[in-house]
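Positions are given from 1 along the sequence. Given the structure is predicted, the values throughout are model-derived calculations rather than measurements.
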Amino acid sequence: MTTTPHPLVTRAQRLAGDLLLPQAERVDQEGVPASHVEAVKRAGLLGVVAPREYGGADAPVAVARETAEILAGACCSTWFVQTQHHTPVKLLATYDSPVREELLRPLATGELMAGIAFAHVRAFPRVFVRAVPEEGGWRFEGTVPWYTGWGLNDVMLLAGVTDTAEVVFVVAEAREQPGLRASAPMRLAALTAARTVSLELDGLRVPEEAVVLRTSQEEFALVDLPRAANASPAVFGVAYAALNLVARTPDGEEAARSLRARLDEVRREAYALADQPAAPGCVPERLAVKTRAYDLLRAATTAAIVAGGGRAVALDSRAQRLAREGMFLLVQGQTAEARRTHLGSLASR
């Protein structure tokens, strides 16, 4: 954690302590309320990585990671809803497009909330969503398997793949409309509260001026795979939250201390790797460290269950909620290579 807290870190800590953590078990069962999203907006946390000239904080990456850890450790469902927002902000800030001037400021200030619908592109050569050029814009056909924050987001970053293997990113309204239909909210073992649906695209039309980026699938993968190989700050946030529970139990202090020291070491290594340029061949090393982080997440949440005893399996137990959230983080944003690395590590023990 930072030595001198950044104002956004302080706000995240206050939000977590005053609202997110006290209500986390209720939210886990009932869903992320719009009031939680509004509280994140008021804290300025939707603009943590946005440029100052557009109303954002342009905070250092260490601050973005720490605020993510804090939110995830307090209420992983709320973290997961709001974390979708930062990718469209980064993309709009990076690439000059007509929609940038229209949307970046309201996204940076929290006037608008964004979600993402592009993880399916990682399945290439399978194509879940096809982007078809037509006069004045694009038509999207197919299924977005996972979309989080439905009913809480105003806009979404949607991607489809063309017949020539070009990936087209556009901004569209996150609501049912001609050519776009949402499923019922999914019932999941963890993070049902995050309002995840699938989206059926049957001729959704988006104007050319809504395009954020067009790139080849090969170029997309070159950027995306190293980034996806990094350990998520949420993994550390949930693991630390579990160890805090363990440390407060009569027999748990030593176990918590030992696991925390190992977690601190992996965290430092993971973030150091993430800060390096994505050189050729960097993915295996990053995945190896990510897998070690998963091991410690699993150990920390298991320790919380063990330390809590029989009470830990009650639905209102913080320990079981953290354990389920930890299970979710094992597959969140998973790529085929990450799955192979993780399974190989488990098989070799």
Side-chain angles (χ1 to χ4, degrees), residues 48-49 60-69 72 76 79-80 83-91 94 116-126 128 145-146 148 157 159 161 165 167 169 191 213 215-240 262-301 325-349:
V48 60
V49 299
V61 66
V63 170
R65 288 170 181 154
E66 191 166 350
T67 56
E69 290 179 4
C76 199
W79 163 79
F80 193 49
T83 200
Q84 318 291 314
H85 177 88
H86 302 296
T87 297
V89 169
K90 290 176 186 174
L91 209 61
T94 301
I116 57 175
F118 70 83
H120 50 272
V121 176
R122 295 179 178 136
F124 189 86
R126 287 186 296 160
F128 284 87
W146 306 90
T148 293
L157 181 68
V161 181
V167 184
F169 289 88
L191 275 73
L213 174 67
T215 185
S216 70
Q217 187 279 328
E218 186 175 294
E219 287 295 325
F220 168 79
L222 283 175
V223 174
D224 182 67
L225 290 178
R227 182 175 52 210
N230 292 324
S232 167
V235 168
F236 300 109
V238 170
Y240 283 125
R262 291 158 57 192
L263 190 64
D264 288 345
E265 179 183 354
V266 172
R267 178 180 182 268
R268 284 191 296 269
E269 189 173 350
Y271 289 166
L273 286 174
D275 287 338
Q276 295 177 8
C282 71
V283 169
E285 183 180 14
R286 295 185 187 204
L287 287 177
V289 174
K290 185 175 187 175
T291 298
R292 286 166 54 203
Y294 283 157
D295 290 343
L296 288 167
L297 170 65
R298 190 172 62 253
T301 55
E325 291 171 351
M327 176 187 67
F328 168 83
L329 291 173
L330 296 180
V331 297
Q332 186 253 328
Q334 185 189 64
T335 63
E337 192 166 355
R339 181 168 56 250
R340 286 192 294 268
T341 298
H342 199 173
L343 289 173
S345 174
L346 292 170
S348 66
R349 294 172 193 175

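- Using a 4.5 Å heavy-atom cutoff, the side chains of Asp264 and Tyr240 are in contact.
- Gln334 is linked by a side chain to side chain donor-acceptor pair (under 3.5 Å) to Arg339, counting only residues two or more places apart in sequence or in another chain.
- For the salt bridge (charged side-chain N to carboxylate O under 4.0 Å, His left out) test, residues two or more places apart in sequence or in another chain that qualify with Arg65 are Asp275.
- Taking 4.5 Å as the limit, every side-chain heavy atom of Pro88 sits out of range of all side-chain heavy atoms of Phe169.
- Shortest non-hydrogen contact noted between His120 and Pro145 is CB-CD, 3.9 Å.
- Comment: Arg227 engages Asp224 in a salt bridge, judged by a side-chain N to carboxylate O separation of less than 4.0 angstrom.
- Ala123 and Phe128 make their closest contact through CB-CE1, 3.5 Å (heavy atoms, listed as atom of the first residue, atom of the second, distance).
- Between atom CD of residue Glu265 and atom CG of residue Leu296 there is a gap of 9.0 Å, rounded to the nearest 0.5 Å.
- Each of Leu91, Ile116, Val48 was compared with His86 under the side-chain contact (heavy atoms from CB on, under 4.5 Å) criterion, and only Val48 meets it.
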Q. Do Phe124 and Phe220 pass the ring-ring contact (aromatic ring centres under 6.0 Å, His included) test, and can you show the C-alpha distance, the side-chain angles, and the key distance before you say yes or no?
A. CA-CA 11 Å; Phe124 189 86; Phe220 168 79; 9.7 Å; no
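- Interatomic distance, CG of Leu273 versus CD of Glu285, reported as 4.5 Å (0.5 Å rounding).
- Not a single donor-acceptor pair under 3.5 Å links the side chain of Lys290 to the backbone N or O of His342.
- Taking all atoms of both residues into account, the shortest heavy-atom contact from Ala165 to Val161 is CA-CG1, 3.9 Å.
- Inter-residue side-chain proximity for Glu325 and Leu191 is flagged as met; some heavy-atom pair is nearer than 4.5 Å.
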Show which side-chain atoms of residues 277-284 pair as donor or acceptor with protein atoms under 3.5 Å away, not counting sequence neighbours.
none

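- When all heavy atoms of Ala72 and Val238 are compared, the pair lying nearest together is O-CG2, 3.7 Å.
- Minimum heavy-atom separation, Leu329 to Ala234: CD1-O, 3.6 Å.
- Side-chain atoms of Val266 and Arg262, non-hydrogen and from C-beta on, never get closer than 4.5 Å to each other.
- The two residues Phe236 and Ala231 have their closest heavy-atom pair at CE1-CB, 3.9 Å.
- Interatomic distance, CE of Met327 versus CG of Leu297, reported as 11.5 Å (0.5 Å rounding).
- Between Arg298 and Asp295 there is a salt bridge, since a side-chain N of the basic residue sits under 4.0 Å from a carboxylate O of the acidic one.
- Panel note: side chain Arg292, backbone Ala288; no donor-acceptor pair is recorded below 3.5 Å.
- In this structure, CZ on Phe118 lies 10.5 Å from CG on Leu213, to the nearest 0.5 angstrom.
- Counting only distance, with no hydrogens or angles, the side chain of Ser348 and the backbone of Ser345 share a donor-acceptor pair below 3.5 Å.
- With rounding to the nearest 0.5 angstrom, the CD atom of Gln332 is 7.5 Å from the OG1 atom of Thr83.
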